[in-house]
Visitor: 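Sharing a structure with you now.
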Amino acid sequence: MHQSSLIQSLNSAQAQAVTSMADRLLVLAGAGSGKTRVLVHRIAWLIKEQQLSPFSILAVTFTNKAAAEMRNRIETLMRAPSGSMWVGTFHGIAHRLLRMHWQEAGLPQNFQILDSDDQLRLVKRIMRQQELDESRWPPKQAQAFINSNKDEGLRPDHIDDYGDIYQKTLIGVYRQYQEACERGGMLDFAELLLRSHELWLHQPQLLAHYQQRFRHILVDEFQDTNRIQYAWLQMLAGKNVPITIVGDDDQSIYGWRGARIENIRSFGDDFGRTEVVRLEQNYRSTAMILNAANGVIANNRDRLGKQLWTSGEDGEPISLYSAFNEVDEARFVAERIQQALQQGLRRSEIAILYRSNAQSRVLEEAMLRGSIPYRIYGGHRFFERAEIKNALAYLRLICHRDDDAAFERVVNTPSRGLGDKSLERIRNTARELKVPMWQASLTVLQHKELSTKAGKSLHEFLGLIELLDQELRGLGLSEQAERVIEASGLIAFHQNEKGDRGEARVENLKELISATREFEANGEGDSASLAAFLDHAALEAGDTQAQADEDCVQMMTLHSAKGLEFPIVFMVGVEEGLFPSMKSADDLDRMEEERRLAYVGITRAMKKLFISHAESRRIYGSEALHAPSRFIREIPHHCLQEVRAAAKITRPMAVPRGRAAVQNTDTPYRLGRSVRHPKFGDGVIMGCEGQGPNSRVRVNFAGAGEKWLVAQYARLELL
DNA sequence: TCAGCGCATGTTTTT
DNA sequence: CATGCGCTGA
C-alpha cells in the first residue's frame, strides 16, 4: 500500500494528523469527525511508511469495546493480523504488565482482580471490624474515597488528614483495606494502574526496556484520562517516545469519576512541544444538528475551540415537543417512532436518550403499549450478576484458596447452615493468625470451635472445594465450569428463588458455560485456562444482555450513548433540574459538564433529532414542575421547530356552561362518568382534553387519586 | 435462617 | 414512587 492510497480517502486535516512527523501530536477530534479512522490510519502509516514494527506500537483506549473495534479496523485496513501490537484499555495493559512482572511488582503470581462489588464487600467487612457506625460512615463513601485517591495516585501516607477526624477515619479504612488486599493477593481496578506506575517508578531498567520497545504510543479519548493514567503515560513517553493523543474536550463527561479535562489542555506543557490538528468536518449529522450542537457548546468557557461543519445537507430542523407530563412525553416518542418505522426505518436506527436511568420506565411502558421492541442499556452486566459471581467465586476459590472475597461469597451460598456467628469466628481467627479464611477455617475446625451442625457444614464445604479441585484437573475450562455449577448446587438454589428472577438466573448460569466455551474457542493453549478466564471476567464485565440483538429501539442514558450514532434520536426530559441535573446547579464546572453532555447527545443524531421536555413530571413520587432546560434556549432559534400535539390540545380551565355542544361529542368520556381502570380501579372523569384517540382524560380514582390518561391507551371501562 | 417490615434513598459508569 | 437494605421476630 502506498502512502497515497492510505491517505487518499482522508480529508486534509485527517491526512495531516495521519502523516504528522511530530513527536507529540494532539488530534482534537470533534464528534463524528472520523476519529477512529484517523487513529487506525495513523497506525497503518507508522507501520507502512515509517517502518515501525507492529510490535513497537502501543494503542490505549478506555473501553474493551473501543479496543476491540480498533484492532478490528486495523486488521481490515492492513489485511494482516495485529496480534503483536499492544492494543488495549489502560487497565488491560496495566494488568498485562503486572502479570508479566509480578515479581518485580512484589505481587503473588496468582494475584486476583477485585471488581467494585467485591471491593465494596471488603470495605464493609473492614469497617465492621473497626466498629464504625455505618450510618455515619457509609461504606460506599469509603470505597469512593479509596478509589478517588488511588486515581490521584495517592497512598494512605500521601493523604493529608487536615487534623480532621472524618478524613483520618477514611484514611484508616483505606490503610486497612489495602493491607487486606495485600494479604489476599487482590488488586482492585485503580490498583492495577497505580501498581504498574509504581513498577516503572521503582524499576527504572524495566521502564527503559519499554521505552526502547515502544516507538509510538497512541491514546484515544484523552479527555477521559485521570491523574494516574496521565502520569503513567507521561512516564512511559519520557522524553523520547513519540505519542499521539486523540480527544475532544467538548466531550469530557466523566469528571465525576476522576477524568481530568485539564489533561488535554496541559498536555503541551507537560509532554513537550505539541502539534495540534483539529478535525472539524463532520460526516455524521446534518448542518441543522451541528449548528444546534455548536450553539450549545459555545456557552462553555476555556474550550480548546472547534466548530463542527458539514458539506452535507441542511436537514430538518430539530423538533421540540413540550409535553404535558412524562407520560405524554413517552406517548409522543412512541407515536413518532411508529411513524418512522412506517416510513421504513429499522428500529435499531432509533435511539431514546435520557439523563438518568429512572426515566426509562415510563418510556418502556409506552413502548410496550405501542408493541415496539426495545432494548434498554444499563443495569447489571453479565459478569456482574449475582448468580454469575457466585459461580465464579467457586472457581476462584478452587484455583486460589486464599481468595477471601470468594470464600465469603460462597461459604454459605447456597445456604448450608453457616450463619453469622460461625463466620465471625472464622474471621476472627483469620485476623488473629493473619491467615486467609480458608486456613482459618481449618484451624477453627481443628479446635472444634463451632457447633456440631455448623462444623459439619463447614467441613463439607471445604471438602467440596478440595474434591472439585481434584476433579477439575485435566478438564477443559468449559467442563470445569459445568462441573462446578452442577456440584455447587447453585442451579437448585437459584431455581428456588421466588418470582421469575430465579429462572433468569438459571438461564444465566447456563449462559456462563457457553461463555467459557466461546472463550476456549477464541483463545489457544494456556490463554484458555481458568485463571485467564477469571481475569477476563473481571476486566471485561461483558454486555448488559446475554442474547444477541434483535432489531430494537435503543434506549440508554446520554452517557452510554457517547461514541454511538443513530439516524433518529430522541432526547427526552430536557428540563431544568433533570438535565442539567439539579445536583450540578451550583457549580459552574459541573454545569459545563452537563452542557458537554447535551453536546454529546445532540451530536449522536445523524438525520433527525427530537427534543422533548415535560411541564410536569412525577419524581420520587411527587409531582414536580420543571422549566425547559437552558440547553434548549442555547440552541439557535432557526434550528428548532416546535411541535404541537397531534390532536390540538386546549386547556379547558372551566367547564363551559350552557353550551353542551362544546363538549366533545365523539368521546365516550364525559365529565362525571364513572369508569374502571385495570390498575387504578374505579374513578370519576373530572376533565377532558382534545379529541380522537389522543384525547386525554383526567380521572379521579377512589384508590389511586387523580390521574391523567390518554384515552387511546387508558383501557377505561365505562360503568 | 429466612421472611417480612420499616426506613432511607434516589445522576451519570468503566475498568 | 420503588427499590434495596438492615433489622426484627418466628
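Below, all heavy atoms of this structure are taken into account, side chains as well, without hydrogens, waters or symmetry copies. Everything quoted here is computed from the prediction, not taken from an experiment. Chain letters run A, B, ... following the sequence lines, proteins first and then strands; every chain starts at 1.
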Visitor: Please confirm whether the shortest side-chain N or O distance from A:S356 to OP1 or OP2 of B:dG10 is below 4.0 Å.
Guide: no

Visitor: For A:E182, check side-chain hydrogen bond (donor to acceptor under 3.5 Å, both in side chains) against everything at least two apart and list the hits.
Guide: A:Q178, A:R195

Visitor: Mind checking A:E384 for me? I need base, sugar-phosphate or nothing, with any heavy atom below 4.0 Å counting as a touch.
Guide: base

Visitor: Find the distance A:H559:NE2 to B:dT13:P and express it as a whole number of Å.
Guide: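 Distance, rounded to whole Å: 7 Å.
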
Visitor: Short of 4.0 Å, heavy atom to strand atom, which residues of residues 578-588 of chain A count as contacting DNA chain B?
Guide: A:S581, A:K583, A:S584

Visitor: Using 30° and 60° as the class limits, which term best fits the ring planes of A:W256 and A:H559: parallel, tilted or perpendicular?
Guide: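 Because their plane-to-plane angle is over 60°, the rings of A:W256 and A:H559 count as perpendicular.
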
Visitor: If I take atom CE in residue A:M556 and atom P in nucleotide B:dT14, what distance separates them, rounded to the nearest angstrom?
Guide: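 Atom-to-atom, A:M556 to B:dT14, this comes out as 11 Å.
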
Visitor: Reckon A:S560 has a side-chain N or O less than 4.0 Å from the OP1 or OP2 of B:dT13?
Guide: yes

Visitor: Sequence neighbours left out, what passes ring-ring contact (aromatic ring centres under 6.0 Å, His included) with A:F383? Give chain and number order.
Guide: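 Partners of A:F383 under the ring-ring contact (aromatic ring centres under 6.0 Å, His included) test: A:F533, A:H536.
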
Visitor: Taking only the side-chain nitrogens and oxygens of A:R361, find out if one of them lies under 4.0 Å from OP1 or OP2 of C:dT3.
Guide: yes

Visitor: If the condition is side-chain hydrogen bond (donor to acceptor under 3.5 Å, both in side chains), which residues does A:R227 pass it with, not counting sequence neighbours?
Guide: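 A:R227 satisfies side-chain hydrogen bond (donor to acceptor under 3.5 Å, both in side chains) with A:E152 only.
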
Visitor: Quickly work out the A:Y354 OH to B:dT13 P distance and round it to whole Å.
Guide: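 About 9 Å, once rounded to whole Å.
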
Visitor: Tell me which of A:E540 and A:E593 sits closer to the 5' end of DNA chain B, going by the nucleotide each one is nearest to.
Guide: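 The residue mapped nearer the 5' terminus is A:E593.
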
Visitor: Name the nucleic acid region contacted by A:L418, choosing base, sugar-phosphate or nothing; use a 4.0 angstrom heavy-atom cut-off, strictly under.
Guide: sugar-phosphate

Visitor: Please give, in whole Å, the distance from B:dT12 P to A:R257 CZ?
Guide: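 My rounded result for the distance is 13 Å.
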
Visitor: In whole Å, I'd like the distance from the CG atom of A:L98 to the P atom of B:dT15.
Guide: 18 Å

Visitor: Do you know which of A:F111, A:Y210, A:W200 makes ring pair (Phe, Tyr, Trp, His ring centres under 6.0 Å) with A:H101?
Guide: A:Y210

Visitor: Going by centres under 5.5 angstrom and planes under 30 degrees, do the aromatic ring of A:F90 and the base ring of B:dT15 stack?
Guide: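 A:F90 vs B:dT15: stacking no.
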
Visitor: Rounded to the nearest angstrom, tell me the gap between atom NZ in A:K140 and atom P in C:dG6.
Guide: 9 Å

Visitor: Indicate whether the side chain of A:Q143 and that of A:Y174 have a donor and an acceptor atom separated by less than 3.5 Å.
Guide: no

Visitor: Taking the minimum atom-to-atom distance to the side chain of A:H91, which one of B:dT1, B:dT13, B:dT15 wins?
Guide: B:dT15

Visitor: Going by side-chain hydrogen bond (donor to acceptor under 3.5 Å, both in side chains), name the residues that satisfy it together with A:R617, two or more places apart in sequence or in a different chain.
Guide: A:E329, A:E575

Visitor: Can you give each donor-acceptor pair under 3.5 Å made by side-chain atoms of residues 63-70 of chain A, sequence neighbours left out, with the distance rounded to 0.1 Å?
Guide:
residue: A:T63; atom: OG1; partner: A:A66; partner atom: N; Å: 3.0
residue: A:N64; atom: ND2; partner: A:L539; partner atom: O; Å: 3.2
residue: A:E69; atom: OE2; partner: A:R73; partner atom: NH1; Å: 3.1

Visitor: Between B:dT14 and A:S116, counting only base atoms on the nucleotide and side-chain atoms on the residue, is there a donor-acceptor pair under 3.5 Å?
Guide: no

Visitor: Give me, pair by pair, the N or O atoms of the protein and of nucleotides 8-10 of chain C that are less than 3.5 Å apart, along with how far apart they are.
Guide:
none

Visitor: At less than 4.0 Å, is any side-chain N or O atom of A:R618 found next to OP1 or OP2 of C:dA2? Yes or no.
Guide: no

Visitor: Among the candidates B:dT13, B:dT15, B:dT12, find the nucleotide nearest to the side-chain atoms of A:Y254.
Guide: B:dT13

Visitor: Measuring from A:D535:CG to A:Q112:CD, what's the distance to the nearest 0.5 Å?
Guide: 7.5 Å

Visitor: Nearest whole Å is fine: how far is C:dC1 C1' from A:E326 CD?
Guide: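 So the CD-C1' distance, A:E326 to C:dC1, works out to 11 Å.
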
Visitor: With heavy atoms under 4.0 Å as the rule, sort A:Y620 into base, sugar-phosphate or nothing.
Guide: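 Here A:Y620 touches the bases of the nucleic acid.
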
Visitor: Tell me: NZ of A:K65 to P of B:dT14, nearest whole Å?
Guide: 9 Å

Visitor: Just to be sure I understand the rule, does A:N147 reach a base, reach only the sugar-phosphate, or reach nothing, if contact means heavy atoms closer than 4.0 Å?
Guide: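 Since no nucleic acid heavy atom lies under 4.0 Å of A:N147, the category is nothing.
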
Visitor: Under 4.0 Å between a side-chain N/O of A:N64 and OP1 or OP2 of B:dT14, yes or no?
Guide: no

Visitor: Who are the side-chain hydrogen bond (donor to acceptor under 3.5 Å, both in side chains) partners of A:N110, not counting sequence neighbours?
Guide: none

Visitor: Phosphate oxygens OP1/OP2 of B:dT13: is one of them under 4.0 Å from a side-chain N or O of A:T557?
Guide: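 It does, given that an N or O in the side chain of A:T557 lies less than 4.0 Å from OP1 or OP2 of B:dT13.
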
Visitor: Between B:dT1 and A:R416, is there an OP1 or OP2 to side-chain N/O distance shorter than 4.0 Å?
Guide: no

Visitor: Only counting residues at least two apart or in another chain, list the ones meeting ring-ring contact (aromatic ring centres under 6.0 Å, His included) with A:H626.
Guide: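 If we apply the ring-ring contact (aromatic ring centres under 6.0 Å, His included) test to A:H626, skipping adjacent residues, there are no hits.
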
Visitor: Provide the distance between the two P atoms, one in C:dC5 and one in B:dT12, to the nearest whole Å.
Guide: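 Straight-line distance between the two P atoms is 16 Å.
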
Visitor: Please state whether the phosphate of B:dT13, meaning OP1 or OP2, lies under 4.0 angstrom from any side-chain nitrogen or oxygen of A:N357.
Guide: yes

